[in-house]
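Every chain is numbered from 1, with letters handed out A, B, ... down the list of sequences.
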Amino acid sequence: MGNIFEDLLEESKIFENKDVLRPSYVPGQLPHRGEQIESLACALAPALRGETPSNIVVYGKTGTGKTATVRYVERELKDAACKVGSRCMLFYLNCEIIDTQYRVFAAVARQLSKSVPMTGWPTDHVYQEFKNALDAEGGCAVIILDEVDKLVSKGDEALYTLSRINSELKNARISIIGISNDLTFTERLDPRVKSSLGQEEIVFPPYNAVQLYDILEQRAKVAFKEGVLEEDVIPLCAAFAAQEHGDARRALDLLRVAGELAERQNSPRVRGEHVKMAKNKIEADRVAEVVRTLPLQSKLVLSSILLLDAERRKRRFSTGEVYNMYRKLSRYAGIDVLTQRRITDLISELDALGLINAVVISKGRYGRTREISLSVPSAIVKSVLFEDYKLSALAGVRLKVQMTL
DNA sequence: CCTCCACCGGAACGTGAGGAGT
DNA sequence: ACTCCTCACGTTCCGGTGGAGG
């Protein structure tokens with residue numbers, strides 16, 4: 001008795017099966033994606049007959065169900081291939097992690113139980129191994145490249161090689177499915193790759209609030225106990241997510257976190273206010289996590305912006321101002337001072353992460369620069385930044401810096 | 001209409017860590 | 001022990017540019 005885990009072990013009063021709300025979950029049915037599923041299935045059907053399907057590019061913003069749909073079709077195709085006895089393999093690669101030519105080949109070869117080191121081999125060696133593995137297996141291989149744009153940003157060699165590989169294979173054929181959330185990414189490609197890759201295009205439009213509602217309702221039935229959701233919960237989640245470009249992942253997160261918050265408060269039901277709390281919590285957690293995992297130099301840049309923000313009346317700063325502050329800070333903290341060129345890149349990264357806003361503006365006679373401002377609450381950033389022991393010394397530094405200059 | 005500021009951002013290159021083969 | 005890879009992170013060099021002020 002009195003064990004600290006006793007209370008926590010008790011069965012949830014809110015959730016029936018929380019996993020259904022996780023983004024990795026592929027449901028048995030995908031509402032409002034019938035059209036896309038059909039196009040994909042149509043395009044891939046030749047694989048079952050031993051022919052080579054066209055290459056496909058799938059477009060759509062985050063949370064429009066691209067990955068879920070493709071994985072769903074992948075599963076169905078595998079089943080079908082099993083039944084028909086057709087030799088058809090599917091490889092799912094996430095290019096956010098597998099983001100170079102080397103890694104793509106290595107990942108596929110490994111799934112065909114070849115052993116390839118993380119790094120070390122010349123790329124053409126891995127390429128050979130990759131081809132041998134495919135040829136040994138024979139049949140048709142569908143390579144799914146999730147977030148292809150990440151792969152392209154580091155040079156389009158990988159796609160170039162992949163799109164031409166069929167002429168070098170004896171027994172096997174491959175076709176590529178690229179998933180991208182950037183509609184313009186093909187324009188950065190070599191025209192030859194572009195025409196080969198984009199034989200077929202499928203677009204995923206964002207969900208509207210009504211569609212999000214359907215999705216949430218479908219999952220909520222499985223995820224929650226009967227009757228714990230108050231009526232306004234799902235519409236609220238749908239509405240919030242619809243505001244953020246119809247991102248279904250956001251909507252599901254909101255619902256899950258709202259449930260968790262209700263559970264923690266020992267509330268018997270999930271109410272609308274839990275959704276509002278969840279919205280704030282998700283944003284704060286995201287910011288905190290992003291800031292925490294920033295490299296030291298980027299943290300320093302962010303600290304500079306934070307200090308400027310606290311010292312000046314205005315809220316937007318030029319690259320020069322930020323760089324000057326950065327130099328002072330890193331000297332004070334005894335950290336190598338990087339060049340301004342490097343810092344502009346770091347600033348762009350912070351911008352891409354959504355922590356700051358950086359827009360290039362021209363001030364005419366007075367030059368051209370980025371206008372930089374913090375785009376998240378400074379309190380969250382500050383508390384996380386000064387956790388870093390190397391930066392904690394900076395917490396009380398504001399006045400000193402001002403004086404030493 | 002031209003100038004010229006204060007940067008932007010591409011390209012090429014260097015270094016050093018991490019790993020493999022011989 | 002030595003050679004040969006990739007890759008992350010920086011630096012150096014430099015051509016390019018929107019628009020206020022002359």
Side-chain angles (χ1 to χ4, degrees), chain A residues 93-110 113-133 145 147-162 182 184-185 187-190 290 292-305 308 312 314 316-331 333-353 355-373 388 390-391:
Chain A
L93 307 179
N94 187 336
C95 301
E96 206 165 18
I97 308 149
I98 302 171
D99 58 357
T100 62
Q101 195 176 9
Y102 185 101
R103 289 178 186 168
V104 170
F105 298 146
V108 175
R110 253 184 242 125
S113 53
K114 295 266 180 182
S115 64
V116 179
M118 296 294 289
T119 150
W121 283 7
T123 304
D124 53 330
H125 190 161
V126 189
Y127 180 54
Q128 277 303 330
E129 202 69 9
F130 164 76
K131 280 196 299 186
N132 294 341
L145 298 171
E147 322 223 7
V148 249
D149 29 336
K150 298 279 161 44
L151 188 60
V152 176
S153 62
K154 300 203 177 175
D156 56 3
E157 281 170 42
L159 285 176
Y160 183 69
T161 321
L162 279 176
D182 177 3
T184 61
F185 104 100
E187 280 155 31
R188 284 177 287 157
L189 293 173
D190 185 307
V290 171
R292 189 170 300 130
T293 52
L294 239 33
L296 180 61
Q297 292 287 1
S298 300
K299 283 183 179 172
L300 220 39
V301 175
L302 196 56
S303 309
S304 314
I305 298 167
L308 283 171
R312 310 279 176 89
K314 56 174 184 168
R316 325 174 88 81
F317 315 101
S318 69
T319 305
E321 287 172 297
V322 172
Y323 184 62
N324 280 335
M325 180 55 87
Y326 159 82
R327 287 180 58 163
K328 293 167 203 164
L329 280 189
S330 39
R331 259 191 246 127
I335 293 164
D336 289 347
V337 181
L338 304 182
T339 50
Q340 182 159 344
R341 179 69 188 85
R342 182 70 189 127
I343 298 305
T344 52
D345 281 348
L346 294 185
I347 289 173
S348 305
E349 280 169 30
L350 292 176
D351 182 32
L353 288 170
L355 294 176
I356 63 174
N357 241 324
V359 197
V360 234
I361 53 149
S362 174
K363 292 193 280 188
R365 169 105 298 191
Y366 304 103
R368 216 157 94 86
T369 182
R370 274 214 202 66
E371 207 172 56
I372 301 160
S373 62
D388 192 315
K390 284 179 183 146
L391 297 180

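- Rounded to a whole Å, the CD1 atom of A:I335 is 16 Å from the C1' atom of C:dC9.
- Partners of A:Q297 by side chain to side chain donor-acceptor pair (under 3.5 Å), not counting sequence neighbours, listed by chain and number: A:Y326.
- Of all non-hydrogen atoms in A:L294 and A:K299, the two that sit nearest each other are O-CE, 3.3 Å.
- Within the model, atoms CE of A:M325 and OG of A:S303 stand 10.5 Å from one another, a figure rounded to the nearest 0.5 Å.
- Rounded to a whole Å, the CD1 atom of A:I343 is 8 Å from the P atom of C:dG10.
- Screening residues 333-343 of chain A for side chain to side chain donor-acceptor pair (under 3.5 Å), with sequence neighbours left out, gives A:R341-A:T344, A:R341-A:D345.
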Go along nucleotides 12-22 of chain C 5' to 3' and tag each nucleotide: B for a protein heavy atom under 4.0 Å from its base, S when only backbone or sugar atoms are that close, - otherwise.
B----BBBBS-

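- Between the P atom of C:dC9 and the CG atom of A:D345 lies a distance of 12 Å, rounded to the nearest Å.
- The separation between A:E129 atom CD and B:dA20 atom P is 15 Å, rounded to whole Å.
- Following rounding to the nearest Å, A:Y326 (OH) and C:dG10 (C1') show an atom-to-atom distance of 11 Å.
- One N or O on the side chain of A:T369 and one on the backbone of A:T319 form a donor-acceptor pair closer than 3.5 Å.
- To the nearest angstrom, P of B:dA6 lies 17 Å from OH of A:Y323.
- Atom CD1 of residue A:I305 and atom CD1 of residue A:I347 lie 6.0 Å apart, to the nearest 0.5 angstrom.
- A:I347 has its CD1 atom 11 Å from the P atom of B:dG9, to the nearest Å.
- As rounded to whole Å, 12 Å separates atom P of B:dG19 from atom OH of A:Y102.
- Of the candidates C:dG10, C:dC7, B:dC7, the closest approach to any side-chain atom of A:R103 belongs to C:dC7.
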